[in-house]
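Scope of the values below: all heavy atoms of this structure, side chains included, with no hydrogens, waters or symmetry mates. Within every chain, numbering begins at 1; the chains are lettered A, B, ... in the order of the sequence lines, protein sequences first and strands thereafter.
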Amino acid sequence: MRERFSDIFEEAEQLKHRKEKVLPPLPNVGKYRVVRTRFAPNPDFYIHLGNARPALLSYEYAREYRGVFILRFEDTDPRIKKPLPEAYKAIREDLRWLGISWDEEYVQSMRMELYYRVARELISRGGAYVDLCKRDEFRKFKLERRECPHRFQSPNEALELFDKMLSSYFEEGEAVVRVKTDLASHDPSLIDWVAFRVINTTRYPHPLTGDRYVVWPTYNFAAGVDDRLMGVTHILRGKEHAINTLKQLYVYRALEWEYPEVINLGRLKLEEMILSKSKIKELLKKSGGAVEVDDPRFGTLRSLRRRGISPEVIRDIIMEVGVKGTDATISWENIASLNRKKVDLVAPRVMAVFNPVRIVVRGVPREPSLRSLKLSYHPSNTSLGFRTIDLGVSDDIEVFIGREDLEHLLKDGSIRLMEFCNIALEGGIRELVEVRYVGTDLELVRKEGLKIVQWVPVDSYVKIELIKPENLKLRVLRGVAEESIAEFDVGRILQLMRIGFIKLERRGRDKKSVKAVYIHD
RNA sequence: GCCGCGGUAGUAUAGCCCGGCCAAGUAUGCGGGCCUUUCGAGCCCGUGACCCGGGUUCAAAUCCCGGCCGCGGCACCA
């Protein structure tokens, strides 16, 4: 019963939330029976925050109009942008992590016969021809705005040549299918662009189809045809594709198809992070395996996930940035701030000390309340429970505090050990810093403005290794943390008091050490 | 160079289509205060922007023209 209510509440919350940032209406929705959108990545690598913009917006629009959202893998280049076998799965995972689900999924390399069929139709209608020019020869014709001799071939001649291509008669570079376009076009790339080329798949096997096909459609042909075949009504894609719409339009006109609505989106950049596919690949290669795809410095979705960024934060930011052609530079501060709000309520607080210095506290009374501290994991969220820090019965209690906090102690003469007691410097500093217990009074702390610092008992601690990205470098901080930190599962987000939020990545089998990634302060 | 798309505070965004209600809203940042056994969170106050120049109009962030700047494209890549 209660569960059902909380579900309803949650739903209402979400609705309210979503209402705040409504998407602008899609153009010409009335023209179509049902809105169909798609996200069409090349599975040659993992996707990053920039890809998340068209993916998320396409998905959200499909939902908003109760339409259909399609995932389509565009893997028609086994040579230059060779598909990465694990990327198909990784992209699915990353999308699901973002909260995206799809109604239909296609893989272009499995649809080759379809493209060949459409190509035949296009050729029969005189909309395309088989060009046997050398690349340079054609370029010359193109720049002079003249037709190459092959452009005059009849549909039947062209069809024959196309069949020859399919039967592996031609080598790479010897024949391509070109779409007839306006020769006078001001943009040379538009002129009689290539729809199919020969790729030697014996040498460059496709990870899914091996050497089964040698004639491959280019992006513009495959994507253009698929958008039609899949009934896509609204295309949301990066503005780098603007020219492609123009190219594909020639195929559409020749086949008497109507082009879908197109919205071009600006690029998303992430401050202090590497998004560029090629740069990431280069770094991975150079490191020889030391750097991984989910390196916290990268802008891949996997990296953001590893860094403990909530997928809702990414959704919120993309919705905020909106549906337009302007580029946006997302600041890490902004992401951190939004993420902090999500994480603050559920992250247990624990103490850890970096640059630890040992001090010995003398004169702590033997009262149970001072020898066995019961500390709650969160100041307000009591459901997170509490842990106990046992300090034993000896007269002297040794603890670690940070070197910087020691400076405060030396300067001010006294300091507050968080959730424990006030201490004051005693004598001088010999081998060991010796301090004296001076009570637990908090009023004093406030009145005198004492620093309140976190600490870790020397008798019971866990080693912590914290990876912190700084200026595109990874710093590894080593320190000590209270024992309870090792009770949490890998993947859990915690707050180290006065240090920041972290995500646990590894835990020693003996629970004597943990590794974590720094998220933000 | 050619073609396309944009330019609202440090960052991001709302408003621009349908001119007045915008001496421009929101988030984050920054400054200050309250609260707090965190340098976190929360609450309160403050800070700060319509790229430039012309035009249309009683009235322009919003419409028109020119300039400047930024981004993207100009592949047998996607």
Side-chain angles (χ1 to χ4, degrees), chain A residues 20-21 24 40-45 73-77 79-83 108 131 133-135 138-139 172-178 185-191 193-199 215-220 222-223 237-247 264-269 271 277 316-322 324-338 340-341 343-345 347 349-351 375-376 378-381 404-405 416-422 440-443 445-446 450-454 495-501 520-521:
Chain A
E20 284 167 12
K21 39 191 186 197
N42 179 344
D44 69 334
F45 202 62
F73 290 104
E74 308 212 320
D75 55 349
T76 60
D77 181 5
R79 192 177 50 196
I80 299 169
K81 289 199 175 169
K82 199 184 186 66
Q108 285 190 325
D131 177 26
C133 291
K134 289 268 167 291
R135 214 186 277 225
F138 182 83
R139 187 173 301 138
E172 278 185 14
E174 287 182 352
V176 294
V177 175
R178 289 189 181 277
S185 178
H186 41 69
D187 187 341
S189 84
L190 221 53
I191 293 173
W193 54 270
V194 171
F196 288 88
R197 77 287 207 195
V198 174
I199 293 175
V215 177
W216 289 85
T218 58
Y219 162 78
N220 274 303
R237 60 183 166 203
K239 62 180 174 185
E240 66 271 19
H241 287 292
I243 190 80
N244 294 325
T245 305
L246 263 30
K247 289 190 184 180
N264 293 124
L265 301 168
R267 315 256 282 203
L268 232 45
K269 275 178 283 191
E271 216 175 55
K277 213 187 252 185
D316 288 354
I317 282 178
I318 286 174
M319 296 297 265
E320 170 79 32
V321 167
K324 47 188 230 175
T326 23
D327 298 349
T329 310
I330 311 298
S331 73
W332 179 252
E333 266 174 357
N334 223 305
I335 290 186
S337 162
L338 290 174
R340 193 150 42 224
K341 278 169 197 155
V343 136
D344 182 63
L345 209 65
R349 271 62 168 161
V350 293
M351 297 191 286
L375 310 180
S376 65
H378 195 282
S380 55
N381 183 355
E404 282 167 30
D405 290 331
R416 165 78 170 191
L417 295 181
M418 191 182 277
E419 312 258 17
F420 182 28
C421 65
N422 307 332
T440 58
D441 185 14
L442 260 179
E443 280 306 307
V445 174
R446 278 198 204 115
L450 292 190
K451 268 273 183 230
I452 300 168
V453 309
Q454 80 279 22
Q495 191 197 55
L496 300 183
M497 303 274 263
R498 295 177 69 225
I499 294 169
F501 291 91
H520 46 61
D521 60 13

Quiz prompt | Euclidean distance for P, B:U11 against B:G55 (whole angstrom) | solution = 31 Å

Practice problem: Identify which nucleotide among B:A14, B:C76, B:A12 has an atom closest to any side-chain atom of A:Val321, counting heavy atoms from C-beta outward. | Solution: B:A12

Quiz item: Any side-chain N or O of A:Arg340 under 4.0 Å from OP1/OP2 of B:G42?
Solution: no

Self-check item: Nucleotide nearest A:Asn334 when distance is taken to its side chain, options B:G40, B:U11, B:A78
Solution: B:U11

Exercise. Indicate, yes or no, whether a donor-acceptor pair under 3.5 Å links the base of B:U38 to the side chain of A:Gln495.
Key: yes

Practice problem: Assign A:Asn244 to base, sugar-phosphate, or nothing according to its heavy-atom contacts below 4.0 angstrom with the strands shown. | Solution: base

Quiz prompt | OG1 on A:Thr440 to CZ on A:Arg416, rounded to 0.5 Å | solution = 6.5 Å

Quiz item: In dot-bracket, 5' to 3', how would RNA chain B read with Watson-Crick or G-U wobble pairs under 3.5 Å, [ ] for crossing ones and | for pairs to another strand?
Solution: (((((((..((((......[....))))((((((.......))))))...(((((..]....))))))))))))....

Self-check item: Contact under 4.0 Å: A:Thr76 side-chain N or O vs B:A78 OP1/OP2
Solution: yes

Quiz item: In whole angstrom, what separates A:Ile191's CD1 from B:G73's C1'?
Solution: 15 Å

Self-check item: Nearest-nucleotide pick for A:Lys239, side chain only, options being B:U28, B:G73, B:C5
Solution: B:C5

Quiz prompt | B:G31 to B:C68 separation - C1' atoms, rounded to the nearest Å | solution = 34 Å

Exercise. Using a strict 4.0 Å threshold on nitrogen-to-oxygen distance, state whether A:Asp77 and A:Arg197 make a salt bridge.
Key: yes

Exercise. Take atom C1' in B:A27 and the same atom in B:A14, then report the distance between them in whole Å.
Key: 11 Å

Quiz item: Base, sugar-phosphate alone, or nothing: which one does A:Gly173 contact when heavy atoms must sit under 4.0 Å apart?
Solution: base

Practice problem: With C1' as the reference atom in both, quote the distance from B:C16 to B:A41 in angstrom, rounded to an integer. | Solution: 37 Å

Quiz item: Within the structure, does a side-chain N or O atom of A:Arg79 lie under 4.0 Å from either OP1 or OP2 of B:C77?
Solution: yes

Quiz item: Using atom P of each nucleotide, how far apart are B:C17 and B:G6 to the nearest Å?
Solution: 14 Å

Quiz prompt | Inter-nucleotide C1' distance (B:G67, B:G7), Å rounded | solution = 14 Å

Exercise. Would you check, one step at a time, whether the test side-chain contact (heavy atoms from CB on, under 4.5 Å) holds for A:Lys82 with A:Asp44?
Key: CA-CA 6 Å; A:Lys82 199 184 186 66; A:Asp44 69 334; over 6 Å; no

Quiz item: OP1, OP2 of B:C77 versus side-chain N and O of A:Lys247: anything below 4.0 Å?
Solution: no

Exercise. When you get a sec, tell me which of B:U38, B:G7, B:A27 is the closest nucleotide to the side chain of A:Thr326?
Key: B:G7

Quiz item: Is the side chain of A:Lys239 donor-acceptor paired with the backbone N or O of A:Gly325 at a distance under 3.5 Å, no angle test?
Solution: yes

Self-check item: Whole-Å C1' distance, B:G15 and B:A9
Solution: 15 Å

Quiz prompt | Atom pair distance, as rounded to whole Å: CG in A:Asp187 and C1' in B:C2 | solution = 8 Å

Quiz item: Given B:G29, B:A78, B:G40, which nucleotide is nearest the side-chain atoms of A:Pro379?
Solution: B:G40

Self-check item: Proximity to the side chain of A:Lys341 - top-ranked nucleotide from B:G29, B:C77, B:G42
Solution: B:G42

Practice problem: Would you kindly give the CG-to-P distance between A:Leu338 and B:U28, to the nearest whole Å? | Solution: 7 Å

Quiz item: Would you say a side-chain N or O of A:Ser331 is under 4.0 Å from OP1 or OP2 of B:G29?
Solution: no

Quiz prompt | Options B:G29, B:C3, B:U37, nucleotide nearest the side-chain atoms of A:Glu419 | solution = B:U37

Quiz item: In whole angstrom, what separates A:Lys269's NZ from B:G70's P?
Solution: 12 Å

Practice problem: Look at the side chain of A:Met418 and decide which nucleotide, out of B:U38, B:C71, B:A14, has an atom nearest to it. | Solution: B:U38

Quiz item: The side chain of A:Ile243 lies closest to which of these nucleotides: B:A12, B:G73, B:G29?
Solution: B:G73

Quiz item: Any side-chain N or O of A:Arg197 less than 4.0 Å from the OP1 or OP2 oxygen of B:C77?
Solution: yes

Exercise. Answer yes or no: does atom CD of A:Glu404 have more than 12 heavy-atom neighbours from other residues, nucleotides or ligands under 6.0 Å?
Key: no

Quiz item: Any sub-3.5 Å donor-acceptor pair from A:His378's side-chain atoms to A:Asp344's backbone N or O?
Solution: yes

Quiz item: So, the side chain of A:Arg349 versus the backbone of A:Ala347: is there a donor-acceptor pair under 3.5 Å, distance only?
Solution: yes

Quiz prompt | Nucleotide B:G72, atom C1' - distance to CG of A:Leu190 in whole Å | solution = 16 Å

Exercise. Using the P atoms only, state how far B:G72 lies from B:G29, rounded to an integer number of Å.
Key: 29 Å

Quiz item: Roughly how many Å is it from CE in A:Met319 to C1' in B:A27, rounded to a whole number?
Solution: 16 Å

Quiz item: Of A:Ser337 and A:Thr440, whose nearest nucleotide on RNA chain B comes first from the 5' end?
Solution: A:Ser337

Practice problem: Would you kindly give the CG-to-C1' distance between A:Asn381 and B:U38, to the nearest whole Å? | Solution: 17 Å

Quiz item: Base, sugar-phosphate, or nothing for A:Ile80, non-hydrogen atoms under 4.0 angstrom?
Solution: sugar-phosphate

Quiz prompt | Nearest listed nucleotide, side chain of A:Glu320, among B:A12, B:C76, B:G73 | solution = B:A12

Exercise. Would you kindly check whether a donor in the side chain of A:Arg446 faces an acceptor in the base of B:U37, or vice versa, at under 3.5 angstrom?
Key: no

Practice problem: Would you mind telling me which of A:Leu246, A:Val176, A:Thr218 makes a side chain to side chain contact (heavy atoms under 4.5 Å, CB included) with A:Trp193? | Solution: A:Thr218

Self-check item: For atom NZ of A:Lys324 and atom C1' of B:G4, their distance in whole Å
Solution: 17 Å

